[in-house]
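The structure presented is a predicted model; accordingly, all values stated were derived computationally and were not measured. Reminder, nothing fancy here: chain letters follow the sequence lines and each chain counts from 1. Only this structure's heavy atoms are used, side chains among them; waters, hydrogens and symmetry mates stay out.
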Protein chains: 2
Amino acid sequence: MGFAPLDPLLHNQLRLAIMSLLVGLESADFNLLLEKTGATRGNLSVQISKLKEAGYISVVKGYKDNYPNTECAITYHGIRAFETYVASLKPYLGIG
Amino acid sequence: MGFAPLDPLLHNQLRLAIMSLLVGLESADFNLLLEKTGATRGNLSVQISKLKEAGYISVVKGYKDNYPNTECAITYHGIRAFETYVASLKPYLGIG
DNA sequence: ATAAACATGTTTATGTCATAAACAATATGA
DNA sequence: TCATATTGTTTATGACATAAACATGTTTAT
């Protein structure tokens with residue numbers, strides 16, 4: 001029942017929300033994440049970059065209806081990290 | 001299933017560990033928290049101060065075996081905040 | 001008795017990070 | 001063509017987490 005270290009990348013409200021959404025979706029574009037998380041565009045852009053940098057999500061830039069479109073999806077590595085984070089966090093919360 | 005804001009004071013590994021320990025104990029002194037959390041003294045001191053400042057814990061300074069001793073206990077307000085935090089976090093984790 | 005080592009915390013300094021504001025590029029509509 | 005909207009990126013800054021340095025007193029060794 002010790003306290004395991006928490007992945008700093010996931011221990012952040014916005015990044016965690018992004019990951020939480022992506023584990024339940026095939027993929028999500030920038031605007032969907034924007035709407036679901038309530039973040040600002042700037043912040044969302046930065047945090048997507050960090051998650052991509054870590055290999056937790058894949059990011060594909062394309063176009064949709066003539067406009068730029070950024071499509072995000074969680075990777076296998078990201079799923080593993082998310083699950084590990086959740087498991088590590090539980091003892092802190094008195095769960096499990 | 002929206003993402004509620006997370007209490008920034010509790011969304012920190014060390015402060016959360018402190019609170020997690022205190023909800024399960026009558027009280028704990030500085031050294032016990034030090035040992036159980038694995039934190040440095042400086043960091044522990046700072047985070048205890050912040051939790052006290054917020055009224056989440058009470059801090060009583062006394063002496064034990066001739067040495068300074070800092071005894072911490074969670075307050076009712078702290079318990080409420082912790083429970084709220086846990087409840088708010090669950091949707092992020094896909095729990096409940 | 002004095003110095004060295006130990007015990008318990010606090011304060012300060014600094015590098016990192018989260019965030020919003022400013023910017024860029026393109027598209028659409030009047 | 002000018003203004004406005006859409007989609008995102010870059011930058012600037014203020015807050016924060018952390019460790020190092022410091023302060024105060026105690027015990028032990030000599």
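- Residues B:G42 and A:R41 each lie close to DNA chain C; by heavy-atom proximity, the contact nearer the 5' end of the strand is made by B:G42.
- Residues A:Y63 and A:H11 both approach DNA chain C. Their nearest nucleotides, taken by heavy-atom distance, put A:H11 toward the 5′ side.
- A donor atom on one side chain and an acceptor atom on the other are not found under 3.5 Å apart for B:H77 and B:Y56.
- Counting non-hydrogen atoms under 4.0 angstrom, A:N66 reaches the backbone sugars and phosphates but no base.
- In this structure, CG of A:L14 is placed 13 Å from C1' of C:dC17, rounded to the nearest angstrom.
- Across all strands shown, A:S45 has heavy atoms under 4.0 Å from base atoms, whether or not it also approaches the sugar-phosphate.
- With B:T37 contributing its side chain and B:L33 its backbone, the two residues share a donor-acceptor pair below 3.5 Å.
- Among the protein residues, B:Q47 comes within range of the nucleic acid bases, having at least one heavy atom under 4.0 Å from a base atom.
- In summary, the side chains of A:E35 and A:N31 do not present any donor paired with an acceptor at a separation below 3.5 Å, with no hydrogens or angles considered.
- Between the side chain of A:R15 and the backbone N or O of A:K50 there is no donor-acceptor pair closer than 3.5 Å.
- A:K50 comes within contact range of the sugar-phosphate backbone alone, with a heavy-atom separation under 4.0 Å but no base atom that close.
- Hydrophobic clustering places B:L21 together with B:V59 (ILVMFWY residues linked when any side-chain heavy atoms are closer than 4.5 Å, directly or through intermediates).
- If you check D:dT30 for Watson-Crick or wobble pairing at under 3.5 angstrom, you find it paired to C:dA1.
- In terms of modelled atom types and a separation under 3.5 Å, the side chain of A:S45 and the main chain of A:R41 share no donor-acceptor contact.
- Once you apply a 4.0 Å limit to the heavy atoms of chain B, the touched nucleotides of DNA chain D run 5' to 3' over D:dA17 to D:dT27.
- Rounded to an integer number of Å, the gap from CG of A:L51 to P of C:dC17 is 14 Å.
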